[in-house]
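Down below is the structure, laid out as structure tokens.
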Amino acid sequence: MPLFALVDGNSFYASCEGVFRPDLIGKPIVVLSNNDGCVVARSAEAKALGIKGFVPFFEIRHLCQKHDVAVFSSNYALYGDMSQRMMQVIGRWGIDQEVYSVDESFITLDGIPDLREHATRLRADVLQRVGIPTCVGIGPSKTLAKLANHVGKVYPRAQGVFAWHWLTPEWQDKLMARIAVGEVWGIGRRIAERLAAMGIHSALDLKHADPRDIKRQFNVVVERTVAELNGISCLALEDVAPAKQQIIASRSFAELVHDFDTLASAISHHACRAAEKLRRQHSHARLVAVSIRTNRFRQQDAQYAGWEVYPLIHPSSDSATITAAALAGLRRVYRPGYSYKKAGVVLMEIGPADRVQPDLFAPTPDPRRGRVMAVMDHINREYGRGTLRLASEKLHSGWAMRQEKRSPRWTTCWRELPVV
DNA sequence: TCTGGGGTCCTAGGACCC
DNA sequence: TCTGGGGTCCTAGGACCC
């Protein structure tokens with residue numbers, strides 16, 4: 001029987017901010033989404049103040065002022081780098097590792113004798129080397145490992161580590177009966193509501209539900225969740241990350257945008273970011289889609305959401321080609337007279353760059369373009385993102401996002417290194 | 001005044017093929 | 001008048017995750 005552990009960073013973004021600000025130890029920390037829109041991370045102290053996740057910042061601003069909460073704009077350069085460091089350390093403690101998200105990793109622990117000791121030392125190692133506190137949950141399926149992680153967080157006595165097999169089956173069930181079914185991985189709000197109508201309220205209820213019944217009412221995914229809760233592992237560890245099938249680059253604007261040229265600059269920028277992501281996974285895309293939309297929360301404004309797909313003759317990962325397609329799409333989708341809040345580019349029909357079906361009649365793209373892109377990526381890696389870019393990205397700058405409280409890029413930018 | 005940005009998978013239904 | 005059986009592919013929409 002396999003044995004999985006889920007290791008995750010506690011309040012990850014907030015913890016990252018705390019690492020370089022020892023003066024904030026014991027103080028509430030909140031991290032905001034792009035554009036300083038919503039709360040995306042809260043330190044334990046901030047949670048204790050009653051600040052909920054995903055609420056718009058303006059609703060809790062007064063609370064933050066009153067309690068002297070440290071508020072940060074999101075700093076993805078910092079979180080991405082801290083994530084890599086954390087994953088590297090966690091990986092040393094597992095047989096195999098899957099990096100599941102920016103702050104979560106599954107590892108397998110088959111054959112390790114003293115799991116409590118092992119997990120405790122793992123946590124200490126990450127804390128010492130990276131500065132991030134973690135929790136470890138252990139179980140015979142990924143779903144049970146996730147749920148064990150939840151137990152490790154919620155019960156202080158667990159001290160951040162919990163494994164199901166430390167309890168007798170009876171006590172396992174007693175514990176599961178106290179966990180709401182919505183806490184189970186894969187059970188979201190909608191399914192939880194429908195389960196409640198069927199009389200299934202706790203994780204234990206779902207574990208004991210009839211799988212055929214669940215399959216009929218929902219689908220195979222929920223059926224698998226039932227099996228996983230019963231200790232039957234259905235979800236394998238994915239130690240190689242599959243290439244993305246779809247790449248999105250989009251942003252809200254700090255202020256409403258009305259004119260085509262400003263939108264064109266934003267779309268150029270997003271197209272280049274998307275193309276860069278595409279090249280990083282050595283893929284080409286065949287479809288470039290553009291979306292623009294007004295602010296859906298402003299009911300007093302006329303609403304418009306446009307979406308246009310633009311096919312490329314040759315699948316490509318060339319920034320200029322993809323940007324040209326995105327701008328062509330924008331020209332078709334743009335309607336004057338609206339106040340735009342968000343623009344984005346989506347790449348689809350993605351495939352490996354070394355397997356491209358050429359077009360019989362169209363001229364073959366210049367093979368030297370690939371080298372131009374490689375040089376551009378290299379320079380941007382070496383000297384910082386945006387050192388080289390397309391002119392069309394910079395024609396107008398009226399679309400920047402709000403980021404008023406961003407901390408320095410402590411670990412990835414020479415100019416912003418902490419000074420001791 | 002102020003409301004994020006990514007991703008994946010599954011299903012149902014229609015078009016179309018032999 | 002009667003109108004099969006087996007399949008694939010695509011799309012839209014819904015659900016989930018972080």
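Since the structure is predicted, the reported quantities are computational estimates derived from the model, not experimental observations. Just so we're on the same page: letters track the sequence lines, and every chain starts at 1.
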Between [X] ([atom1]) and [N] ([atom2]), how many Å, whole number?
{"X": "A:E98", "N": "C:dC17", "atom1": "CD", "atom2": "C1'", "answer": "12 Å"}
{"X": "A:E228", "N": "C:dC17", "atom1": "CD", "atom2": "P", "answer": "14 Å"}
{"X": "A:K153", "N": "C:dC18", "atom1": "NZ", "atom2": "C1'", "answer": "13 Å"}

### Query
For the side chain of A:E104, counting heavy atoms from C-beta on, which of C:dC18, B:dT1, C:dC16 is nearest?
C:dC18
Aromatic ring pairing [X]/[Y], orientation class (parallel under 30°, perpendicular over 60°, tilted between):
{"X": "A:Y340", "Y": "A:Y334", "result": "tilted"}
{"X": "A:W93", "Y": "A:H118", "result": "perpendicular"}
{"X": "A:W185", "Y": "A:F106", "result": "tilted"}

### Query
For A:K215, does the NZ atom have more than 12 heavy-atom neighbours from other residues, nucleotides or ligands under 6.0 Å away?
no
Base, sugar-phosphate alone, or nothing: which one does [X] contact when heavy atoms must sit under 4.0 Å apart?
{"X": "A:R61", "value": "base"}
{"X": "A:R298", "value": "sugar-phosphate"}
{"X": "A:L32", "value": "nothing"}

### Task
Please state the P separation for the pair C:dC18 and B:dT3 - nearest whole angstrom.
25 Å
### Query
Partner of B:dG5 by Watson-Crick or G-U wobble geometry, both contacts under 3.5 Å, or none?
C:dC18
### Message
So that I can tick it off, tell me whether A:E104 and A:K146 are bridged by a salt bridge, with the cut-off set at under 4.0 angstrom between side-chain N and carboxylate O.
### Response
yes
#### Entry: Carboxylate-amine/guanidinium contact A:R121 A:D125, below 4.0 Å
no
### Query
In the 5'-to-3' direction, what one-character label does each nucleotide of nucleotides 3-12 of chain B receive under the scheme B = base within less than 4.0 Å of a protein heavy atom, S = sugar-phosphate only, - = no such atom?
BBSSSSSSS-
